[in-house]
Amino acid sequence: MQDKLQAIEQEIRKQFDEDTTGHDWYHIERVRKMALHLQSKEGGDPVIVELAALLHDISDHKMNGGILNAGGKVAEELLKKYDFEQEIIQKVSSIIDKVSFKGLLVPDQMSTLEEKIVQDADRLDAIGAIGIARAFSFGGSKNRPMYQPDISPEEHTSFEQYANAKSHTINHFYEKLLHLKDRLHTDTAKKIGEQRHLVMEDYLKQFYIEWECKM
């Protein structure tokens, strides 16, 4: 099993090594480390958790040209290539199809512990200091403005609406990032999320002070 995991890691690292959207190999590695940490505290199958963490961005709509819900199928093909058992393939593909945030008013669909752990790990990397850096990295890669005070955040009601939104980066905090703390599943992730959420709140307070040139 370890040889197969290393082969998957090599393929994913090759694919994401030069990404500049904030979804690079180091993001995937952090998600894997966090997911395995959560699994060590919460339980669940470590193989399913690690594979899903490694593959969670394999064909994300933000990097594949806007194709929605493609990741599970691409992951399935890769896992078949390395002769993983069908049960593992099914569980991992299911996680990948569900893991992404799909809009503020779109409910999460995670049901198994492994699904919740991988989603929590991915969401924890979207908040806090690194989450802030990733938000602006992604916005810059998509030619989005840093901030436009006259454009208010939206409450997206569908994955399609959320995926096609092209607002400025500060709105992303209000459309997604500031809500992730309350959409974490596991107790371990919730404790970590509390502190990272405060980092974002403090950052936004300082951002507005500097934007308004307040002394």
Side-chain angles (χ1 to χ4, degrees), residues 16 19-42 53 56-57 60-63 99-108 110 116-157 159 161-163 165-215:
F16 288 93
D19 177 271
T20 58
T21 71
H23 298 80
D24 53 25
W25 162 250
Y26 294 106
H27 159 67
I28 294 168
E29 175 66 354
R30 288 192 304 272
V31 172
R32 174 167 68 171
K33 288 180 179 178
M34 180 60 73
L36 289 173
H37 171 71
L38 297 180
Q39 183 275 327
S40 73
K41 302 295 185 182
E42 302 285 342
H56 79 277
D57 274 340
D60 188 279
H61 70 94
K62 295 184 290 294
M63 289 85 71
V99 70
S100 292
F101 185 84
K102 293 178 169 57
L104 183 57
L105 300 182
V106 181
D108 296 319
M110 310 314 252
K116 293 174 181 178
I117 284 172
V118 176
Q119 188 172 69
D120 279 357
D122 190 32
R123 289 181 171 181
L124 286 172
D125 205 60
I127 61 178
I130 284 180
I132 293 169
R134 290 182 64 220
F136 286 101
S137 180
F138 180 79
S141 74
K142 299 298 182 181
N143 297 314
R144 295 182 181 180
M146 179 173 65
Y147 180 44
Q148 292 178 308
D150 56 334
I151 299 178
S152 300
E154 299 180 16
E155 295 184 342
H156 303 114
T157 59
F159 189 19
Q161 185 185 17
Y162 172 74
K166 302 185 185 303
S167 190
H168 56 85
T169 298
I170 288 296
N171 267 356
H172 187 58
F173 286 84
Y174 298 96
E175 294 172 349
K176 175 184 177 181
L177 305 185
L178 291 172
H179 298 276
L180 293 182
K181 172 180 70 72
D182 296 324
R183 294 179 67 161
L184 296 169
H185 306 284
T186 63
D187 290 339
T188 306
K190 289 175 182 178
K191 291 176 183 177
I192 299 169
E194 289 285 347
Q195 188 274 334
R196 296 191 181 192
H197 182 84
L198 292 175
V199 171
M200 294 191 299
E201 288 187 330
D202 289 342
Y203 171 79
L204 288 170
K205 290 176 185 176
Q206 184 64 26
F207 180 92
Y208 293 125
I209 288 172
E210 295 180 16
W211 185 270
E212 298 294 339
C213 296
K214 293 179 179 179
M215 305 303 171

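For the residue pair His56 / Asp122, a side-chain donor-acceptor distance below 3.5 Å is found, with atom types taken as modelled. No side-chain N or O of His27 forms a donor-acceptor pair with one of Asp19 less than 3.5 Å apart.
Phe173 and Phe136 have tilted rings, their planes meeting at an angle from 30° to 60° on a 0 to 90° scale.
With hydrogens and angles ignored, the 3.5 Å screen pairs a side-chain donor or acceptor of Arg196 with a backbone N or O of Leu124. With hydrogens and angles ignored, the 3.5 Å screen pairs a side-chain donor or acceptor of His179 with a backbone N or O of Tyr174. The backbone N or O of Thr20 lies less than 3.5 Å from a partner atom in the side chain of Ser137, making a donor-acceptor pair. Checking side-chain atoms of Asp24 against main-chain N and O of Tyr26 turns up a donor-acceptor pair under 3.5 Å. Remark: the backbone N or O of Thr186 is paired with a side-chain donor or acceptor of Asp120 at under 3.5 angstrom. At least one donor-acceptor pair closer than 3.5 Å links the side chain of Glu175 to the backbone N or O of Glu154.
Glu42 is linked by a side-chain hydrogen bond (donor to acceptor under 3.5 Å, both in side chains) to Thr188, counting only residues two or more places apart in sequence or in another chain. For Arg134, the salt bridge (charged side-chain N to carboxylate O under 4.0 Å, His left out) partners are Asp125, not counting sequence neighbours.
Tyr162 is not listed as a side-chain neighbour of Val106, based on a closest heavy-atom distance of 4.5 Å or more.
Of all non-hydrogen atoms in Pro149 and Trp211, the two that sit nearest each other are CG-NE1, 3.7 Å.
Going from atom CG of Leu177 over to atom OH of Tyr203 covers 11.5 Å, rounded to the nearest 0.5 Å. Here Ile170 contributes atom CD1 and Arg144 contributes atom CZ; the two are 13.5 Å apart, rounded to the nearest 0.5 Å.
A 6.0 Å sphere centred on CD of Glu201 holds more than 12 heavy atoms belonging to other residues, nucleotides or ligands.
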